[in-house]
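This report concerns only the one structure given below.
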Amino acid sequence: MSNGTPTPTQAQTQPPKPPKKKQKSGFFSRFDSLWLMKAVIAAFFFLFLLLPLLSVLIVSFTGQPVNILGSLINPDILAANLDRLSNASLEHWGSLFGGVYMSALRNSLMLSLGVSLLVILMCLPIAYGFARTTMPFKKTFAALCTMPIIVPTFISAAGFIIMFGRTGWVTSLYQSMGFDGTLINAYSMTAIVLIQTFFFFPFALWPMVAAFKISDISLEEASQNMGAKNWMTMIFITFPLAIPGIVSAALLIFTVSFSDFGTPIILAPDGLNLIVVEAYREISGFFNWAGASILTVVMVVVAALFFWLQRLVTKGKDYGTLSGKPKQTKLNDNKVVTTSLAIYTGLVLLIPVLTVLSVVMQSFATTWGADLLPRGFTLDHYQTIFTRSGDNILNSIILAGGALVISVIIATFVSYFVVRENATKLDFISSVPLIVPGIALGIAYIQMFNTAPLQLTGTAFLLIVAYAIRRMPYMIRSTMGTMMAIKSDIEEAAVNLGASKLLAIITVVGPLMLPGIAAGSILVFVTVIKETSITILMAPSSWAPMSLVVFQNLLRGEVYTASAMAVLIIGLVLILQALANKITKNSLY
């Protein structure tokens, strides 16, 4: 009977025990490579997102730039900043109440509310047609409905001028019918509302289609079984079931319209103040730090409020089916209904399609005055942009590529930390760019990085970082979905074989996330290529991308080369968008 002491025979047969690894203990055991990466990402968001926004908030009270980073290394700067902080007051905020700022805020709110209401009313029949009927040409309409959101907003505004300007072809047609003046003033609030309505409606359309598809149709069937007419069922059952999706879509349209910069900067007439245009003028024209900061804070607060409302509306409501999937039902195939809906959808799409076609036609025109068609066609404008603006095309690709690299690296690790370690704070911080309008982020960057030690204003690096921060949420949402589908056993196996956690993520998890990374990459690249507000505000002349060239050419009156460059952007975005749809297998319709 063994007393616990191994016999000589047992001691010879048992393999020698491996030496125990020396365990790190205490505070330093937390500092591994993964922890370091998490700290780097947190520092990135703190430096390039939270600190600039905090700086803008402080400047709105001091009225003068406060060099937060300089205070950490230079006692003189620290003393100057403390002096400015000691004089902080609400004096500058007084300018918000009454005068130009309040007028700009009021106009922007009215514009956004009006656009939201019009978009919802316009989309209701189309969404119902997609979700509940056998409306003909669904796939064609769906493809055309995607087009408006891939066109940069200031290009759609330029196309609107080609149509409804004083020498526009619609105006010529209107006058040839015996009318005087213009059908629609191209430089007016009405024009801005129309452009935003017809080019932003896809943002609301697809959520509304989803709402109609997923709502529980058994209630509608019960209504009809009890003798209700179709129209009564539609009004009292179908539409109420879709209300959460409709309200959510309206709030989304509000935030998109409120932060839109491209349309107002082209079409806003003198005397019409809008908050994004006013903020741009304050920082780029007058260097009014206090005014620009106040408007920036207001934009962020308003956007955050409506983003919060959107989350609130979608969070507490459940009008879906028990399975969470659309219940199969017989689609409405009434010829009168489906034909009417198809004609209506075609008419709605006519404005954005004709607008884009007008830009395309002008890019090939020799001259186009007050006629229905150009006097001749040429390829000279394309030859001009390829010979004169080749660097700008390359700049766009390099800047978008740089933003893409940063987005991929950070989004991959953020997704890992959120999914594996439930890093809710990091998840929240990475979502903040969703509520920060581009013009607000640009103003915050200019204020924050205009002085040493990080004097980055006017550099390509800061522009790339701004692009990456602004589009980061797209990449994170795309990679997070993929990350959730990867079991933790795989990386644990790599760690058990001796790899560090960081190495396991890079070599094992990273390749498995490639589908999500690829889909998110194209979305980031597409949206950066057509980015307007940050580009116009921050792009240095030596790194001017294509979108800035289009904007500058429009201001100089070089409309033909501007149109040619715009068509190039649209073509590039279309190709990338088609690739994204193929990768994400978007089969909503």
Side-chain angles (χ1 to χ4, degrees), residues 107-133 135 138 141-142 144-149 151 153 156 189-215 220 231-260 263-264 274 302-303 305-320 326 332 337 340-352 355 434-435 588-589:
N107 289 338
S108 292
L109 290 174
M110 288 177 59
L111 169 67
S112 302
L113 287 172
V115 170
S116 302
L117 183 62
L118 284 176
V119 165
I120 295 304
L121 292 176
M122 192 173 81
C123 282
L124 270 175
I126 305 176
Y128 180 80
F130 273 116
R132 295 298 184 84
T133 72
M135 181 176 69
K138 268 190 186 181
F141 286 146
L144 291 174
C145 283
T146 307
M147 182 196 66
I149 57 176
V151 178
T153 50
S156 56
M189 177 67 107
T190 304
I192 297 172
V193 170
L194 288 175
I195 281 291
Q196 290 192 345
T197 301
F198 282 100
F199 279 83
F200 290 163
F201 81 88
F203 287 111
L205 176 62
W206 299 121
M208 290 170 67
V209 172
F212 276 122
K213 277 193 169 184
I214 204 168
S215 58
E220 299 174 28
W231 64 270
M232 291 181 65
T233 302
M234 183 178 295
I235 293 175
F236 294 106
I237 303 294
T238 305
F239 286 144
L241 286 174
I243 279 179
I246 293 171
V247 173
S248 175
L251 293 171
L252 175 64
I253 290 295
F254 182 94
T255 54
V256 172
S257 170
F258 189 80
S259 60
D260 176 36
T263 312
L274 292 170
V302 172
L305 175 64
F306 278 84
F307 184 78
W308 173 75
L309 284 174
Q310 185 194 3
R311 298 288 294 267
L312 190 67
V313 167
T314 55
K315 185 178 180 181
K317 308 294 182 185
D318 183 10
Y319 289 77
N332 188 340
V337 173
S340 302
L341 287 172
I343 293 173
Y344 173 78
T345 306
L347 289 175
V348 168
L349 286 169
L350 203 57
I351 292 292
T355 304
L434 286 173
I435 62 170
L588 184 61
Y589 50 87

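Computation of the quantities below employed the complete heavy-atom set of this structure, encompassing side-chain atoms and omitting hydrogens, waters and symmetry-equivalent molecules.
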I need the [X] [atom1] to [Y] [atom2] distance, nearest 0.5 Å.
| X | Y | atom1 | atom2 | answer |
| --- | --- | --- | --- | --- |
| F306 | S257 | CZ | OG | 11.0 Å |
| M122 | L347 | CE | CG | 11.5 Å |
| M135 | I343 | CE | CD1 | 11.5 Å |
| F199 | L194 | CZ | CG | 11.0 Å |
| F200 | C123 | CZ | SG | 13.0 Å |
| M147 | S156 | CE | OG | 10.0 Å |

So do [Y] and [X] actually touch side chain to side chain, heavy atoms under 4.5 Å?
| X | Y | answer |
| --- | --- | --- |
| V115 | L111 | yes |
| F254 | V302 | yes |
| T355 | V151 | no |
| L252 | T255 | yes |
| I435 | W308 | no |

Review point. Do you see a donor-acceptor pair shorter than 3.5 Å between the side chains of T263 and Q196?
Key: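 Side-chain D/A pair, T263 to Q196: absent.
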Which heavy-atom pair separates [X] from [Y] by the least distance, and what is that distance?
| X | Y | answer |
| --- | --- | --- |
| A204 | I253 | CB-CG1, 3.7 Å |
| L251 | L309 | CD1-C, 3.6 Å |
| P207 | P202 | CD-O, 4.4 Å |
| V209 | A127 | CG2-CA, 3.7 Å |

Review point. Any donor-acceptor pair under 3.5 Å linking the side chain of T197 with the backbone of V193?
Key: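 Yes, because the side chain of T197 sits within donor-acceptor range (under 3.5 Å) of the backbone of V193.
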Point to revise | Side-chain donor or acceptor of S112 paired with backbone N/O of L109 under 3.5 Å | key: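 Absent.
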Exercise for review: Start with the C-alpha gap between I120 and M208, add the side-chain angles, then the distance that decides, and say whether side-chain contact (heavy atoms from CB on, under 4.5 Å) holds.
Suggested key: CA-CA 9 Å; I120 295 304; M208 290 170 67; 3.9 Å; yes
Point to revise | Residues F201, L349; criterion side-chain contact (heavy atoms from CB on, under 4.5 Å); working and verdict | key: CA-CA 10 Å; F201 81 88; L349 286 169; 3.8 Å; yes
Point to revise | Verdict with supporting geometry, L124 and I246, side-chain contact (heavy atoms from CB on, under 4.5 Å) | key: CA-CA 9 Å; L124 270 175; I246 293 171; 3.6 Å; yes
Review point. In terms of ring plane angle, is the pair F130 and W206 parallel, tilted or perpendicular, where the classes change at 30° and 60°?
Key: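 Aromatic pair F130/W206 classed tilted.
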